[in-house]
Amino acid sequence: MEERDDHAGKPLPQPAAEERSAGSQQPEVRCRRRRVASVSSPALSASRLTLPGVMDSEGRVDESRLRMHIFKNGGVCPSERGLAWRFLFGMYPCSSTALERSLLCEQLLVRYLVMRRKWQQFLPSAVRIQLNGTDAELVSAVRYFDQREAQAQQQTQEQSEEIGDRLVFLELQAQILFERVTFDQEELREAIRIIDKDVPRTNRDLSYYQDKGLGNLLVLRNILITYAAFHPEVSYAQGMNDLCSRFLEVLDSEVDAFWSFSCYMEKFSRDFRADGLHRKIELEAALLKELDPPLYAHLVKDNMESFTFCHRWLLLGFQREFEHSDALRLFEILSCDHLELISQQVDRARHQERLAQKYCTGRSQSCRRSTPTSPLSFSSARPSCWTTESLCCSATMTSSSSSLPAASRDHWT
């Protein structure tokens with residue numbers, strides 16, 4: 001993957017007035033977050049989304065309305081982003097009530113701790129990151145992280161007897177669940193070696209990693225190693241640190257970031273494999289060829305038809321192409337899958353149209369002419385698998401196509 005750069009694209013359209021108002025409080029939120037993330041955040045399970053018509057009285061979320069709100073309003077306000085992401089990425093089932101989520105949080109906490117402890121016991125030498133003494137910030141990060149671990153241990157000892165008994169039962173269940181999981185020592189060591197190189201390279205200029213927030217680098221390391229250990233078919237690939245960092249910053253919880261990141265990777269893990277982006281790149285090329293033939297021809301002429309420059313855009317959701325706050329909103333919009341859901345409606349409408357035409361096959365030509373056409377019907381040349389992501393890529397490229405030589409465009413006019 002290319003070296004990190006800090007160039008930023010054009011800002012996204014501004015959100016609605018209420019979001020701008022909430023966004024004006026963001027510096028205070030960031031200042032308050034200059035600490036190491038908590039292990040878990042059970043109090044959020046009972047919190048309510050204030051988005052209109054999204055959550056009912058018992059805490060259930062209307063998933064389609066949540067996704068539609070994110071798409072039409074350019075994301076949610078920063079103050080609600082953490083809770084919204086827990087639903088958006090699947091950590092919280094949208095059908096769950098607030099009471100059910102409080103029990104789910106306990107289960108997810110215990111399972112994660114059992115998983116983390118299992119690889120730590122398997123490779124005790126890898127529990128702590130190896131320091132070379134030349135990175136003073138990383139040395140401080142370890143110290144802040146150790147302080148958080150001590151505080152978490154103290155909080156565990158102060159739990160009530162009722163909660164303690166319940167957690168012991170959940171831990172027994174988790175141990176049985178993961179009892180047969182085995183690790184390949186060589187593969188896991190190699191994954192940890194790469195993680196220990198990448199984690200210190202995570203963007204420390206973000207306010208989330210300032211001051212005591214440096215300790216979040218070690219939280220990020222724990223999440224990535226635990227994921228790699230229990231998903232050997234994916235393990236770890238370069239770029240996952242930047243992606244996971246996004247979840248950790250927004251959710252501000254080690255456990256919640258792990259499970260939300262894991263849910264996201266269930267859908268996109270193949271993008272990190274050698275041929276993972278091949279299909280997306282093919283679709284991107286087909287889309288650009290239809291939307292802007294001169295630009296596509298120009299790229300082919302310059303031997304750029306492989307679209308390798310799009311890899312980072314697609315892999316990290318434009319994380320390095322926009323200002324950080326805009327990149328977060330764009331990632332949120334891309335992840336709401338609103339256009340993809342609309343495409344499914346289009347497919348159903350086209351299927352119904354084909355059925356109607358089939359029933360008229362044995363009838364007169366006038367019957368076929370009178371068959372109503374669905375307003376959602378698209379040209380058969382347009383694949384329904386084009387996504388918001390691919391459209392963003394094409395928009396990014398076509399916005400610069402006006403700089404092409406006039407002769408190149410005249411060939412197509």
What distance separates [X] [atom1] from [Y] [atom2], expressed to the nearest 0.5 Å?
{"X": "Leu108", "Y": "Trp259", "atom1": "CG", "atom2": "CH2", "answer": "6.0 Å"}
{"X": "Glu249", "Y": "Leu220", "atom1": "CD", "atom2": "CG", "answer": "11.5 Å"}
{"X": "Thr97", "Y": "Asp56", "atom1": "OG1", "atom2": "CG", "answer": "9.0 Å"}
{"X": "Asn73", "Y": "Arg329", "atom1": "CG", "atom2": "CZ", "answer": "10.0 Å"}
{"X": "Leu206", "Y": "Ser245", "atom1": "CG", "atom2": "OG", "answer": "6.0 Å"}
{"X": "Ile225", "Y": "Leu188", "atom1": "CD1", "atom2": "CG", "answer": "7.5 Å"}

Please determine, by modelled atom types, if [X] and [Y] share a side-chain donor-acceptor pair under 3.5 angstrom.
{"X": "Ser47", "Y": "Arg86", "value": "no"}
{"X": "Glu158", "Y": "Gln154", "value": "yes"}
{"X": "Tyr112", "Y": "Glu254", "value": "yes"}
{"X": "Trp85", "Y": "Ser260", "value": "no"}

With a 3.5 Å distance limit and no angle check, can you tell me whether [X] reaches the backbone of [Y] through a side-chain donor-acceptor pair?
{"X": "Arg67", "Y": "Cys336", "result": "yes"}
{"X": "Arg81", "Y": "Val76", "result": "yes"}
{"X": "Tyr208", "Y": "Leu248", "result": "yes"}
{"X": "Asn216", "Y": "Ala37", "result": "yes"}

(request) Classify the ring geometry between Phe247 and Phe331 as parallel (under 30°), tilted (30 to 60°) or perpendicular (over 60°). (result)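 Rings of Phe247 and Phe331: perpendicular, as their planes differ by over 60°.
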
Closest heavy-atom pair and its distance - [X], [Y]:
{"X": "Val36", "Y": "Gly215", "answer": "CG2-CA, 3.8 Å"}
{"X": "Lys118", "Y": "Val181", "answer": "CE-O, 3.1 Å"}
{"X": "Gly53", "Y": "Asp62", "answer": "O-CB, 4.2 Å"}
{"X": "Cys244", "Y": "Leu224", "answer": "CB-CD2, 3.8 Å"}
{"X": "Asn222", "Y": "Gln120", "answer": "OD1-NE2, 4.1 Å"}
{"X": "Ser253", "Y": "Ser40", "answer": "OG-CA, 3.3 Å"}

Kindly indicate whether the side chain of [X], heavy atoms from C-beta on, has any atom under 4.5 Å from the side chain of [Y].
{"X": "Pro93", "Y": "Leu104", "value": "yes"}
{"X": "Tyr296", "Y": "Leu291", "value": "no"}
{"X": "Ser269", "Y": "Tyr227", "value": "yes"}
{"X": "Arg221", "Y": "Phe145", "value": "no"}
{"X": "Tyr264", "Y": "Ser335", "value": "yes"}
{"X": "Val39", "Y": "Arg148", "value": "yes"}
{"X": "Arg201", "Y": "Gln238", "value": "yes"}
{"X": "Val250", "Y": "Glu332", "value": "no"}

Within a radius of less than 6.0 Å around [atom1] of [X], do more than 12 heavy atoms belonging to other residues, nucleotides or ligands occur?
{"X": "Glu162", "atom1": "CD", "value": "no"}
{"X": "Phe169", "atom1": "CZ", "value": "no"}
{"X": "Glu161", "atom1": "CD", "value": "no"}
{"X": "Arg65", "atom1": "CZ", "value": "no"}

For the pair [X] and [Y], find out whether any cationic side-chain nitrogen is under 4.0 Å from an anionic carboxylate oxygen.
{"X": "Arg193", "Y": "Glu190", "value": "yes"}
{"X": "Arg35", "Y": "Asp252", "value": "yes"}
{"X": "Arg204", "Y": "Asp135", "value": "yes"}

(request) Could you walk me through whether Met240 and Met265 pass side chain to side chain contact (heavy atoms under 4.5 Å, CB included), step by step? (result) CA-CA 10 Å; Met240 286 185 185; Met265 291 297 290; 3.5 Å; yes

(message) Distance to the ring centre below 6.0 angstrom and angle to the axis at most 45 degrees; does that hold for Arg101 and Tyr92?
(response) yes

(request) I would like to know whether Leu330 and Leu334 meet side chain to side chain contact (heavy atoms under 4.5 Å, CB included); could you show each step before the answer? (result) CA-CA 6 Å; Leu330 180 56; Leu334 294 175; 4.1 Å; yes

(request) Take Ser235 and Glu187 through the test side-chain hydrogen bond (donor to acceptor under 3.5 Å, both in side chains) and record every step on the way to the result. (result) CA-CA 8 Å; Ser235 188; Glu187 290 183 0; over 6 Å; no

(request) Under the side-chain contact (heavy atoms from CB on, under 4.5 Å) rule, collect the residues that match up with Ser140, sequence neighbours excluded. (result)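 With neighbours one apart ignored, the set is Arg143, Tyr144, Leu214.
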
(message) Pair Glu266, His231 - check side-chain hydrogen bond (donor to acceptor under 3.5 Å, both in side chains), show working.
(response) CA-CA 10 Å; Glu266 284 182 11; His231 299 83; over 6 Å; no

What pairs of donor and acceptor atoms, side-chain ones from residues 122-130 against any protein atom, are under 3.5 angstrom apart with sequence neighbours left out?
from   : atom 1 : to     : atom 2 : distance (Å)
Arg128 : NH1    : Asp146 : OD1    : 3.3
Arg128 : NH1    : Asp146 : OD2    : 3.4
Arg128 : NH2    : Asp146 : OD2    : 2.9

(message) What verdict does the salt bridge (Lys or Arg N to Asp or Glu O under 4.0 Å) test give for Glu233 and Arg270, after you've listed the backbone C-alpha separation in whole Å, the side-chain angles of each residue and the deciding distance to 0.1 Å?
(response) CA-CA 10 Å; Glu233 71 285 358; Arg270 59 183 174 183; over 6 Å; no

(request) Apply side-chain hydrogen bond (donor to acceptor under 3.5 Å, both in side chains) to Asp256 and Ser41, showing your working. (result) CA-CA 8 Å; Asp256 296 7; Ser41 52; 2.8 Å; yes

(message) Under the criterion side chain to side chain contact (heavy atoms under 4.5 Å, CB included), I'd like the reasoning laid out for Phe178 against Met115: C-alpha separation, chi angles, the key distance, then a yes or no.
(response) CA-CA 7 Å; Phe178 300 117; Met115 294 165 74; 3.5 Å; yes

(request) Go through Ile333 and Phe71 one step at a time and tell me if the side chain to side chain contact (heavy atoms under 4.5 Å, CB included) criterion holds. (result) CA-CA 5 Å; Ile333 294 167; Phe71 187 82; 4.0 Å; yes

